[in-house]
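See below for the structure under consideration.
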Amino acid sequence: MAHSASHPAVDAHAVFMLDHAAGALPPALSLAGDLHAILSAEGADVASDWAVIGGALLERFDAAAGGVMRRRPDRASPITARQILETDFERLKWRRGLSGVGYCRTGAPGSRFMRLRDDEAAPRHNHNCLEATVVLTGSFEDGRGTYHRGDLVLASEGDEHKPRGVGGDCICFVARERGRLWIM
């Protein structure tokens, strides 16, 4: 399941996954797309659809342009989605952030792990940039929905929520564009 509180006429999940397939996301957000595609049937389906569409468009473009196409240089993350999934979360050095929620570095700039204990909540806050959260273990709810392993939760500028762990501990991969979180 993917969710975004952005404009209902715009499918933020489809746009995010299109940007993921096109290689247009910064490395940390691209990792979020990779994790969602690995852990979620919905994510895998959308990623596959965009890859097929993109491949067909590239073939047409390549033929029309005589084989000349300029691409962005690859901006790889220092850590892969597979390495993230193999992480022993119990062995990490968790620190409490100002919000009271546990955080830990991932090894990829612009991202971190977030741990919500059962019934623990982050303060209500809004965003001033794109944030992609992928649930790695457990579940959380934020007043807009309940999210489980593999779900991708997108928050855009102005989106407000209050994540809370439900049914046990929840660990998420959180990637952000530049910008700061605003506590309400």
With a 4.5 Å cut-off on side-chain heavy-atom distances among I, L, V, M, F, W and Y, is there a chain of contacts connecting I79 to L92? yes
Taking the side chain as C-beta and beyond, is there a heavy-atom pair between T146 and V166 under 4.5 Å? yes
Closest heavy-atom contact between A81 and I38? CB-CD1, 3.7 Å
Has the side chain of D118 got a donor or acceptor atom that lies under 3.5 Å from a matching backbone atom of G168? yes
Rounded to the nearest 0.5 Å, what's the gap from CG on N128 to OG on S156? Could you check? 11.5 Å
Check this for me: does any side-chain nitrogen of one of R117 and D169 sit under 4.0 Å from a carboxylate oxygen of the other? yes
When rounded to the nearest 0.5 Å, the distance separating CZ of R176 from CG of L130 is 9.0 Å
Which value, rounded to the nearest 0.5 Å, describes the distance between L39 atom CG and L136 atom CG? 6.5 Å
Just checking, R95 and Y103: is the charged tip under 6.0 Å from the six-membered ring centre and within 45° of the axis? no
Nearest heavy-atom pair of I84 and T87: which atoms, and what distance? O-OG1, 2.9 Å
When you look at V46 and H13, which way does the side-chain contact (heavy atoms from CB on, under 4.5 Å) test go after all the steps? CA-CA 9 Å; V46 173; H13 177 258; 3.7 Å; yes
Salt-bridge test for E90 and R115: reply yes if a basic N is under 4.0 Å from a carboxylate O, no otherwise. no
Less than 4.5 Å apart, any side-chain heavy atom of H125 and any of E160? no
According to the salt bridge (charged side-chain N to carboxylate O under 4.0 Å, His left out) rule, which pairs have a member within residues 132-141, sequence neighbours left out? E141-R164
Gap separating the CH2 atom of W94 from the CZ atom of R105, nearest 0.5 angstrom: 13.5 Å
Heavy-atom pair with the smallest gap, counting every atom of H127 and A155: CD2-CB, 3.6 Å
Would you check if H36 and M17 make a side-chain contact, meaning some heavy-atom pair closer than 4.5 Å? yes
Taking all atoms of both residues into account, what is the closest heavy-atom pair of V135 and H148, and its distance? CB-O, 3.3 Å
Considering all heavy atoms of both residues, which atom of A121 and which atom of K162 are nearest to each other, and what is their separation? CB-CE, 3.9 Å
Less than 4.5 Å apart, side chain to side chain, heavy atoms only: is that true for V153 and R144? yes
Can you confirm whether V101 sits close enough to L116 that some side-chain heavy atom of one is under 4.5 Å from a side-chain heavy atom of the other? yes
Would you give me the side-chain donor-acceptor pairs under 3.5 Å for residues 25-34, sequence neighbours excluded?
{"residue": "D34", "atom": "OD1", "partner": "H20", "partner atom": "NE2", "Å": "2.6"}

Return the minimal non-hydrogen interatomic distance between S139 and C170, and the atom names on each side. O-CB, 3.2 Å
T106 meets the side chain to side chain contact (heavy atoms under 4.5 Å, CB included) criterion, sequence neighbours left out, with A108, S111, F113, F173
Can a donor-acceptor pair be found, under 3.5 Å and without considering hydrogens, that links the side chain of E86 to the backbone of Q83? no
Here the gap from C172 atom SG to L35 atom CG, rounded to the nearest 0.5 Å, amounts to 11.0 Å
Is a side-chain N or O of D19 found less than 3.5 angstrom from the main chain of A22, in a donor-acceptor match? no
Looking at CD of E42 and CG of D151, how far apart are the two atoms once the value is rounded to the nearest 0.5 Å? 8.0 Å
